[in-house]
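Below: one structure, written as structure tokens.
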Amino acid sequence: MNTEERLNLIKRNTEEIIGEDELRFMLESGQEINHYIGFEISGKLHIGQAVIVMQKVKDLMDAGVKVHLFLADWHSYLNDKFGGNLEIIKEIADGAFKEILKASILTLGGDPEKLTFIKASEYYATHPDFWLTFLEVSKNTSLPRIERSISIMGREEGQTKDFGSLAYPPMQAADIFAMNIQIAQGGIDQRKIHVIMRDTADKIKTNMPMFHGKRMKPVAIHTPLLPSLAKPAIWPIPEDMNKRELLNKGKMSKSDPNSAMFMMDDPEAIRKKIMKGFCMEKEIGYNPILRWFEMIVFPREKSGFKIVRPEEHGGIISFKDFKDLESKFEKGDVHPIDVKNFLADYLIEMFKPAREHFQKPAYKKMLDRMEEILGKIKAKSH
RNA sequence: CCGGGAGAAGCUAAAUGGUUAGGCAGAGGACUGUAAAUCCUCGAUUAGUAGGUUCGACUCCUACCUCCCGGACCA
């Protein structure tokens, strides 16, 4: 693969890349590039993470980048995951959660053995100078900025937060510096923190961001968020609102079981969730189902695909690319049921490896154990 | 630590001490070749916890817990 091919692989299906010049420079140098993406330890990964985010991890692997999956156990504690129980968080991080990440990459056709995991708590224990970097980031960022960046933790604005949660953004930035990362990956919701990271990069002295002897700001790669299939909060959407923007805002939430889909969902559950999806006939402005085609199906079916329907509903119809699907949908040549049926079948087939992986007793046990813990925490908090 | 306020379903919210309205979300059904919209149906053996007063407590009292707001302490 030449530089251009590697760059294109890294860039495809991203929302944005901050620092493309640096990225190009690094690729041209031929030197090893360190990537990282942090995961909070929560329950199962919804497919926005397992498919969209992990596909980018695989792209980076394929482009010859050294990828690292950062298990952010301390961050999860700060963000009250698993009832804020750090011991449970650590256990899940080493068990079910890591296994889910491996299964994701397996499903996407990658080699789980090539993934490098780093657990935050272990990293901090062996790298005490992390904390000086943490202070340096903190010292060079304003309080309002930290507060603004904190919405990524899934909190509403104005909601009360403890002081510890303010440590989260500088920690995340310091993680990147301390581990000598050149590419920080995340969903577009991570943007504010990554910008803080890049803005403070020049001020850092202890773990100066370097690339083979040259000072360099880490690059940020952001993937789009897979929208929830639920109907928008307001419908019909007023003329002056940007439908696409709204669609991205309605991201999937794990806490809402109906808005989130998981790779290990059984076929009936997948089908049901797709069928429940909001999908207006001929509406292409706000249509999460079509957006899923754009984000999941077309990147994998580069030469297009066809939908086989009963004769009374039009018979076989094929699409060469997303625009083609959109225009046919807008004209009413394709019905919501047609695309829903196809999408359900497609996802059921696509997630088969993950489903089978977690049917193996050892892994199933891990999942069950995690569900059990989550259930207990839920019961306790009521 | 002191003072003040609050705690009712997933969220929100009314009811002079008389046996928990309503709204949103959710579930089921009808109608659409999906979903949405609309229409029907359902949902707390129960009010932060534990006691007490009373014929009767969400409502009054006491203690404790949690959260919010002030103040004190500033070595």
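First the proteins, then the strands, lettered A, B, ... as listed; each starts at 1. Values below: all heavy atoms of this structure, side chains included; hydrogens, waters and symmetry mates excluded.
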How far, in whole Å, is B:U19 from B:G23 if one measures between their C1' atoms? 23 Å

Gap in Å between the two C1' atoms, one belonging to B:C67 and one to B:G48, rounded: 11 Å

Please report the distance separating the C1' of B:A47 from the corresponding atom of B:C39, rounded so that it comes out in whole Å. 33 Å

Does the structure show a Watson-Crick or G-U wobble partner for B:U34, both distances under 3.5 Å? Name it, or say none. none

Re B:A6: Watson-Crick or G-U wobble partner, both distances kept under 3.5 Å, found to be B:U66

Look only at the side chain of A:Arg198 and the backbone of A:Pro218, and say whether a donor-acceptor pair between them is shorter than 3.5 Å. yes

Can you list the other members of the hydrophobic cluster that holds A:Leu106, where links are side-chain heavy atoms under 4.5 angstrom apart? none

Under a 3.5 Å limit for both distances, which nucleotide forms a Watson-Crick or G-U wobble pair with B:A15, could you say? none

Please write out the pairs of protein N or O atoms and N or O atoms of nucleotides 30-34 of chain B separated by less than 3.5 Å, giving the distance to one decimal.
residue	atom	partner	partner atom	Å
B:G33	N1	A:Asp338	OD1	3.4
B:G33	N2	A:Asp338	OD1	3.2
B:U34	O2'	A:Met275	O	2.7
B:U34	O2'	A:Lys340	NZ	3.2
B:U34	O2	A:Lys340	NZ	2.4
B:U34	N3	A:Cys279	O	2.7
B:U34	O4	A:Cys279	O	3.2

Looking at B:A57, which nucleotide sits across from it as a Watson-Crick or G-U wobble partner, both distances under 3.5 angstrom, or is there none? none

Rounded distance (Å) that lies between atom C1' of B:A35 and atom NZ of A:Lys282: 16 Å

Any sub-3.5 Å donor-acceptor pair from A:Glu281's side-chain atoms to A:Val334's backbone N or O? no

A:Glu20 side chain to A:Ile18 main-chain N or O, any donor-acceptor pair under 3.5 Å? no

Pairwise P distance, B:A50 and B:U16 [rounded to whole Å]: 27 Å

Spacing of the P atoms in B:U20 and B:G71 (rounded, Å): 44 Å

Counting only Watson-Crick pairs (N1-N3 plus N6-O4 or O6-N4) and G-U wobbles (N1-O2, O6-N3), all under 3.5 Å, who is the partner of B:A44? none

For this output row, return yes or no: ring centroids of A:His194 and A:His222 closer than 6.0 angstrom. yes

Strictly below 4.0 Å, N to O, side chains only: are A:Glu99 and A:Lys360 in salt-bridge contact? no

Would the number of heavy atoms belonging to other residues, nucleotides or ligands and lying under 6.0 Å from CZ of A:Phe130 be above 12? yes

How far does the P atom of B:G26 sit from the matching atom of B:A15, given to the nearest Å? 28 Å

With a 3.5 angstrom cut-off on both distances, give the Watson-Crick or G-U wobble partner of B:A25, or none if there isn't one. none

Please give the distance between the C1' atoms of B:C42 and B:A9 as a whole number of Å. 14 Å

B:A27 versus B:A37 - spacing of their P atoms, nearest Å: 12 Å

